[in-house]
Amino acid sequence: MFGFGTKDLGIDLGTANTLVYIKGKGIVLREPSVVAMQTDTKSIIAVGNDAKNMIGRTPGNVVALRPMKDGVIADFDTTAAMMKHLIRNALKSKGPFSGKPYIMVCVPSGITAVEERAVIDATRQAGAKDAYTIEEPFAAAIGANLPVWEPTGSMVVDIGGGTTEVAIISLGGIVTSQSIRVAGDEMDEAIISYIRKNYNLLIGDRTAETIKMDIGSAGEPEGMDNMEIRGRDLLTGLPKTIEITPKEISAALKDTVYSIVEAVKNTLEKTPPELAADIMDRGIVLTGGGALLRNLDRVISEETKMPVLIAENPLDCVAIGTGKALDNIQLFKNKAKESR
Ligand SMILES: Nc1ncnc2c1ncn2[C@@H]1O[C@H](COP(=O)(O)OP(=O)(O)OP(=O)(O)O)[C@@H](O)[C@H]1O
């Protein structure tokens, strides 16, 4: 599958987005983790952005689906096919290659051995010479330029589509962590359910995500206009437009935000005092797309009484960290040998 001059790859295999990093080049591909395929033959029609545009708009013989759920593989064959497609596209930009690449893939820290095995097998099936895993919060911390190898405490909260990963890191290892299957997708679901309950209006996943990004916020919203949204009236079955306020969306997101804040607090409670003091100095660092929810940094800071910062390019941190970890690939090879 690959030609001359293969470079090793880092892949952020996310519930919402998959990013590919080529060693020495950086992130070369960012696509939604969505696949569109024929229902009968299972042949793939589109992957990534093209497939995402088809969600909720496919005819009966085509399905657009997300093969990852809650940070883990929900549909093995489709995930492997999606990875194969994305790896091939990423490597195209590097010209012809020889040999298969080693691939480092990130996984949630709360993953089971069976789920981790599935990621390794899917990556091999997608064309890897061999595959290694790195825990997502560790990769996020490397990508956010935190001093992970030093004897000092760093705290990272990676809020993705399927999972929120909270971890305290020191001396190249995770000291304590918590992974909850509550993140951006759950926020979208909360918006869908709020609008269904209060307006009898059914909206799709993509509309819910747009509402979240446009007027969603943690805590009290400030300075945003109302938004017109379209959906299907559950009583008449006909299309209908309503207007919603940022305050309503903030109320819909309250429980999800609370779960994330609780995970941060629980992790802090388990943190050894010396490391807690380091974190007090440096601050809690937010990564992942969910870090972009308005005021989330402020709410976490108010609730924990700690400084909170959003990493530069939060959506890229895990991919950058996974790619940079290729520089220390021997460490991961040794770890894999021990556990296999
Ligand atoms: N401006 C924004 N405001 C709020 N949420 C956002 C914003 N931009 C992106 N998101 C959300 O971030 C999530 C995707 O983040 P990311 O790409 O880090 O997740 P992922 O790595 O695919 O998921 P996971 O780590 O759980 O497997 C989506 O739920 C998306 O809606």
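Whatever order the structure lists ligands and atoms in, that order sets their numbers, starting from 1. Residues: numbered from 1 along the sequence shown. These values consider heavy atoms only, across backbone and side chains, with no hydrogens, waters or symmetry-generated copies.
For Ser179, the side-chain hydrogen bond (donor to acceptor under 3.5 Å, both in side chains) partners are Glu165, not counting sequence neighbours. For Thr236, there are no side-chain hydrogen bond (donor to acceptor under 3.5 Å, both in side chains) partners at least two apart in sequence or on another chain.
Taking 4.5 Å as the limit, every side-chain heavy atom of Thr164 sits out of range of all side-chain heavy atoms of Asp158.
The list of ring pair (Phe, Tyr, Trp, His ring centres under 6.0 Å) pairs with a residue in residues 180-234, not counting sequence neighbours, is empty.
Checked against Arg181 for a salt bridge (Lys or Arg N to Asp or Glu O under 4.0 Å), the options Glu115, Glu189, Glu186 give a single hit: Glu115.
Cluster annotation: Met213 and Ile249 are assigned to distinct hydrophobic clusters (Ile/Leu/Val/Met/Phe/Trp/Tyr, side-chain heavy-atom contacts under 4.5 Å, transitive).
Ordered by chain and residue number, the residues placing a heavy atom less than 4.0 Å from ligand 1 are Asp12, Gly14, Thr15, Ala16, Asn17, Gly71, Glu136, Gly160, Gly161, Gly162, Thr163, Gly184, Asp185, Glu209, Lys212, Met213, Gly288, Gly289, Gly290, Leu292, Leu293, Leu315.
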